[in-house]
Amino acid sequence: MHRFSKGFLKELQFFLMALGLALPCAARGQGANATAIEPGAPDARIVAALRQVSAERIQANIDQLVSFGTRATISAQDPASIAAGRGIGAAREWIKAEFERYSKECGGCLEVKTDSFTEAPAERIPQPTVISNVYAVLKGTSDAQRIVLVTGHYDSRNSGTLDGKGDAPGANDDGSGTAVSLECARVLSKMKFPATIIFLTVAGEEQGLNGSSHFAKMAKEQGWNIEAALNNDIVGGDSIAEQDHSVVRVFSEGLPAAAAEQDIRRIRGLGGESDSGARQLARYVADVGRAYAGDVGVKPMLVFRLDRYLRGGDHLSFLQQGFAGVRFTEFREDFHHQHQDVRTENGIEYGDVPKFVDFDYVANVARLNAATLASLAAAPAPPANVHLLAKDLENDSTLTWDAVPGAAEYEVLWRATTSPEWEHALKCGNTTRATLKLSKDNVIFAVRAVDGGGHASLAVVPVPER
């Protein structure tokens, strides 16, 4: 057999790549290209946007939300109450006006919408109640069917779940998350992205995730392609002494809530309990946090469980519909400041009021969310039909995937089965096949698409092909 020189093979490779017919990844040698994963280079446009995030504006937004007295889902929303500036109806109209103002500032770039429905009586809803989700859509320029979104719930509550009249300031829970969605909309609406970004605020969370459940079901029924849902709930950095203002927890589910029994059997058989879409999204947030560490100011702390003990959040609604979702929450919560009437007893201050919120911390969480949204919306779609060939007993591992429009190259990732995050990457160029001198039995693989600017998609774990 004739042996070609290395120089000839390299020239041939460049020629084929120019034609879009790159050689398989292994032809260039796994050892020479595989590296430990390091933070990607930050995008200067995204950095500029992050520097526009304002703690002062976030404080003003939270103060405004608190000024409505109560935002309980079952509070007043009649015209007189809205005019008087009290109740959830007044909060809804203000949020809508803010989104519209941002859109006006960017020349009508945002499509502002309201998703309203009537919730039937239930345990926490004594009578039929109109619930409204308010959101703004920044439509993608070339891949608009792909959607990433950020959400927070603008409803609040005090000690009584069924109290629709007493004050329920909700500064941290979840004025902080609502302020994150608003600030992300303000700074990112000035930019253009291939994919679509939705800036969402939902109601009904405290009554049973009603608003997010309706929105996620609507998205599923209409065939929306939501790649990521970032839920921010209690991200105020409460001033409790034990608070760690340098980190924010990112919760993600293991076994997918929407998985069928056959999917669960496959996941268990392959040891993929930590490779749900939510886990890949959480890892992506961690990658973004490292890449933009100098501009974000807060480090993602990955927590591999659905949520905190005895608690829940709106990301669950998206998970139940098969969308990848995670929850951002401050490191340590002060339960005296959640779901409590405002009062002082035995020297303890109760109530969710602005004095306990660290607005600089909320701004940092907003920056992390904005960087994640922008990175995902700028990147190509995740590869489809990712397979790991498992027809024969062999120690090499071969992966295949479909080409992705807009991708300049692909990367194969892998980690030890006991490792929480991806450890190694192999740049494969513009090809859809890779063979590595690694046993599939010893590691977990994934593939991601990367554009010419270095924006990477979510990682996709392969399905065995027999």
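The chain is numbered in sequence order, starting from 1.
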Atom pair [atom1] ([X]) and [atom2] ([Y]), whose distance is rounded to the nearest 0.5 Å:
{"X": "S103", "Y": "L138", "atom1": "OG", "atom2": "CG", "answer": "9.5 Å"}
{"X": "R71", "Y": "R157", "atom1": "CZ", "atom2": "CZ", "answer": "13.5 Å"}
{"X": "Y292", "Y": "R367", "atom1": "OH", "atom2": "CZ", "answer": "14.5 Å"}
{"X": "S189", "Y": "F199", "atom1": "OG", "atom2": "CZ", "answer": "6.5 Å"}

Is the number of heavy atoms from other residues, nucleotides or ligands within 6.0 Å of [atom1] ([X]) greater than 12?
{"X": "K190", "atom1": "NZ", "result": "yes"}
{"X": "Q222", "atom1": "CD", "result": "yes"}
{"X": "E123", "atom1": "CD", "result": "no"}

Distance-only side-chain donor-acceptor flag, [X] / [Y], under 3.5 Å:
{"X": "H339", "Y": "D352", "answer": "no"}
{"X": "D358", "Y": "H245", "answer": "yes"}
{"X": "Q280", "Y": "D275", "answer": "yes"}
{"X": "T161", "Y": "R124", "answer": "no"}
{"X": "H337", "Y": "D238", "answer": "yes"}
{"X": "R249", "Y": "T329", "answer": "no"}

Cation-pi, F193 ring and R45 (6.0 angstrom, 45 degrees): yes
For Y154, is the NZ or CZ atom of R92 found under 6.0 angstrom from the centre of its six-membered ring and inside 45 degrees of the ring axis?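 Output no; distance or angle outside limits.
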So, for [X] and [Y], which heavy atoms are closest and what is the spacing to 0.1 Å?
{"X": "P462", "Y": "L388", "answer": "CB-N, 3.7 Å"}
{"X": "V404", "Y": "P380", "answer": "CG1-CB, 3.9 Å"}
{"X": "A366", "Y": "I58", "answer": "CB-CD1, 4.2 Å"}
{"X": "F323", "Y": "I226", "answer": "CD2-O, 3.5 Å"}
{"X": "P300", "Y": "V250", "answer": "CB-CG2, 4.0 Å"}
{"X": "A371", "Y": "I46", "answer": "CA-CG2, 4.1 Å"}

Is the W401 ring parallel, tilted or perpendicular to the Y410 ring (thresholds 30°, 60°)?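 Plane angle between 30° and 60°, so tilted.
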Give me the ring orientation class for F117 and H214: parallel if the planes are under 30° apart, tilted from 30 to 60°, perpendicular past 60°. parallel
Without swapping roles, check the side chain of [X] against the backbone of [Y] for a donor-acceptor pair under 3.5 Å.
{"X": "S276", "Y": "L255", "result": "no"}
{"X": "D155", "Y": "E206", "result": "yes"}
{"X": "T400", "Y": "R433", "result": "no"}
{"X": "T435", "Y": "T398", "result": "no"}
{"X": "T129", "Y": "Q127", "result": "yes"}
{"X": "S181", "Y": "T201", "result": "no"}
{"X": "T372", "Y": "V285", "result": "no"}

Step by step, work out the side chain to side chain contact (heavy atoms under 4.5 Å, CB included) result for D233 and D173. CA-CA 6 Å; D233 196 349; D173 185 14; 3.0 Å; yes
Test side chain to side chain contact (heavy atoms under 4.5 Å, CB included) on V463 and H387; report intermediate values, then the result. CA-CA 5 Å; V463 174; H387 291 107; 4.3 Å; yes
Going by heavy atoms in the side chains, are L281 and L376 under 4.5 Å from each other?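 A side-chain contact exists here, since the closest heavy-atom pair is under 4.5 Å.
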Verify side chain to side chain contact (heavy atoms under 4.5 Å, CB included) between T73 and N210, making sure each step is shown before the conclusion. CA-CA 10 Å; T73 298; N210 306 94; 5.8 Å; no
Ion pair present between [X] and [Y], side-chain N to carboxylate O less than 4.0 angstrom?
{"X": "R327", "Y": "D307", "result": "yes"}
{"X": "E411", "Y": "R448", "result": "yes"}
{"X": "K96", "Y": "E100", "result": "yes"}

